[in-house]
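Since the structure comes first, as structure tokens, the remarks are kept for the end.
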Amino acid sequence: MALQGWVQRGWRCGPAWAPPLGGGYRELSATQAPRLLGRRFNLFVQQKCGFRKAPRKVEPRRSDTGSSGEAYKRSALIPPLEETVFYPSPYPIRTLMKPFFFTIGFTGCAFGSAAIWQYESLKSRVQSYFDGIKADWLDSIRPQKEGNLRKEINKWWNSLSDGQRTVTGIIAANALVFCLWRVPSLHRTMIRYFTSNPASKVLCSPMLLSTFSHFSLFHMAANMYVLWSFSSSIVNILGQEQFVAVYLSAGVISNFVSYVCKVATGRYGPSLGASGAIMTVLAAVCTKIPEGRLAIIFLPVFTFTAGNALKAIIAMDTAGMILGWKFFDHAAHLGGALFGIWYITYGHELIWKNREPLVKIWHEIRTNGPKKGGGSK
């Protein structure tokens, strides 16, 4: 029995001491014990004879074990993760280095691309104006077709505001990713790239892709309804190009705040959804128009100011983050809301109004083209 306990503690010497297949241990019979005890004595007489402690295997953390798995398994907004394996780093600060630099680099690229996009849009508007006049004249002399589906679609599209036309592409992208979640063979790929988790092997790209990812139809419908409702206001405030840069950057920044909170608390688990970016949109509108009146879709009779709504949302997400509420990613919500407030208050002046040097460089490239080398002037 003493020998049995010694084997169970993880010591081994050669195949004779290995446990039987199946992972269990068995008691030794009366005839086996003396022989094994004699071999045990010889192990101490000989020079170590390969006597060593069995190496400990570092097992990866699974999503259905521990507090982290339980925290996210309860939420109906997260896909089932029974077979997903996470690899939390033993050095949490190092885990955040790549996401930190990715957040800075992506945000800079987003606003730089938006500035160039605005330049190209302004440049093409004059040509589009004359093309539109020509198209209207051709339509006036061309016989019209009754029941033309394309004409009806164009009529509906032209009836939308600039903000609604802008977010239509975002909503379509979210709907496409939602359909991909319904394909069982893509389940592992979707979890790997379309859910953000600091314990995953892929850290950076999910910070953006998860912003377009929803597993629950109700989750996607609620987020897209809020985005559609605030689209006209936010595009009127920022413009189409600046809004897209803010929205994409907000998705990455809110996920980085979520990473920091998960690493700090040790509550690893996947997150997905556009809520962080939408919280930036909502916070920006409420900060710019604090006296605007808002209402809940199911309770349209009760209205409240946008400023009070923003305060309530921040208070709720702060409490949820501190108390560890597990249904929503409150850290991402709070990060998105704070980014929206900061951008309307300071970011617009610091970032967007200082885009002129980049636009000048792009203008020189577009006007003069790349300089040709070879000769001296």
Side-chain angles (χ1 to χ4, degrees), residues 56-75 77-108 188 190-213 215 248-280 314-342:
R56 296 180 61 185
K57 296 182 178 180
V58 180
E59 297 184 356
R61 180 178 297 179
R62 295 186 176 272
S63 63
D64 57 344
T65 59
S67 61
S68 172
E70 294 175 358
Y72 287 87
K73 192 176 180 181
R74 293 194 187 100
S75 177
L77 308 182
I78 302 296
L81 305 171
E82 287 80 1
E83 299 180 358
T84 305
V85 179
F86 299 139
Y87 298 87
S89 172
Y91 307 101
I93 301 301
R94 295 182 184 179
T95 302
L96 297 175
M97 293 303 295
K98 287 177 63 177
F100 173 73
F101 288 111
F102 175 78
T103 302
I104 295 176
F106 179 84
T107 301
R188 285 183 176 273
M190 298 299 293
I191 292 176
R192 185 180 182 88
Y193 294 101
F194 286 85
T195 62
S196 60
N197 184 6
S200 175
K201 286 186 175 181
V202 183
L203 293 175
C204 295
S205 57
M207 297 174 69
L208 174 64
L209 297 178
S210 63
T211 307
F212 299 90
S213 178
F215 181 77
L248 296 179
S249 300
V252 175
I253 291 172
S254 61
N255 272 311
F256 178 73
V257 175
S258 175
Y259 276 12
V260 173
C261 182
K262 290 174 183 177
V263 170
T265 60
R267 300 168 184 165
Y268 294 97
S271 300
L272 74 169
S275 303
I278 292 174
M279 283 298 299
T280 297
I314 292 177
M316 182 186 69
D317 284 322
T318 302
M321 185 179 66
I322 296 174
L323 300 177
W325 296 347
K326 302 169 183 177
F327 193 73
F328 296 112
D329 191 344
H330 295 281
H333 289 189
L334 186 61
L338 294 178
F339 175 66
I341 296 172
W342 175 85

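Model, not experiment: these values are computed from the prediction.
Expressed to the nearest 0.5 Å, how far CH2 of Trp325 lies from CE of Met316 amounts to 7.5 Å. One distance of note links CD1 of Ile278 with NE2 of His333; it measures 9.0 Å at 0.5 Å rounding. A distance of 12.0 Å separates OH in Tyr193 from SG in Cys204, rounded to the nearest 0.5 Å. The distance from the CE atom of Met321 to the SG atom of Cys261 is 5.5 Å, given to the nearest 0.5 Å.
Proximity of Leu248 to Leu208: side-chain heavy atoms (C-beta onward) are separated by under 4.5 Å at one or more points. Taking 4.5 Å as the limit, every side-chain heavy atom of Leu323 sits out of range of all side-chain heavy atoms of His330. Ile341 is listed as a side-chain neighbour of Ile314, based on a closest heavy-atom distance under 4.5 Å.
Side-chain N or O atoms of Thr280 include none that pairs as donor or acceptor with a backbone N or O of Ala250 at under 3.5 Å. For Tyr259 (side chain) and Leu203 (main-chain N/O), a donor-acceptor pair under 3.5 Å exists by modelled atom type.
Pairing each heavy atom of Ser196 with each of Lys262, the nearest pair is O-NZ, 3.5 Å. Taking every heavy atom of both residues into account, Ala331 and Ser258 meet most closely at CB-CA, 4.0 Å. Residue Pro198 comes nearest to Val263 through the heavy atom pair CB-CG2, 3.9 Å, listed as atom of the first residue, atom of the second, then distance. Closest approach of Ser200 and Arg192 over heavy atoms only: OG-O, 4.3 Å.
The aromatic rings of Trp342 and Phe339 lie parallel to each other, their planes meeting at an angle below 30°, with 60° marking the opposite boundary.
Under the side chain to side chain donor-acceptor pair (under 3.5 Å) criterion, Ser210 pairs with Asn255, not counting sequence neighbours. Remark: Phe100 engages Ile104, Phe256 in a side-chain contact (heavy atoms from CB on, under 4.5 Å) (not counting sequence neighbours). Legend: residues meeting ring pair (Phe, Tyr, Trp, His ring centres under 6.0 Å) with Phe102, ordered by chain and number and at least two apart, are Phe106. For Leu338, the side-chain contact (heavy atoms from CB on, under 4.5 Å) test picks out Leu334, with sequence neighbours left out. Every residue meeting the side-chain contact (heavy atoms from CB on, under 4.5 Å) condition with Thr195, not counting sequence neighbours, appears here in chain and number order: Trp181, Ile191, Pro270, Leu272.
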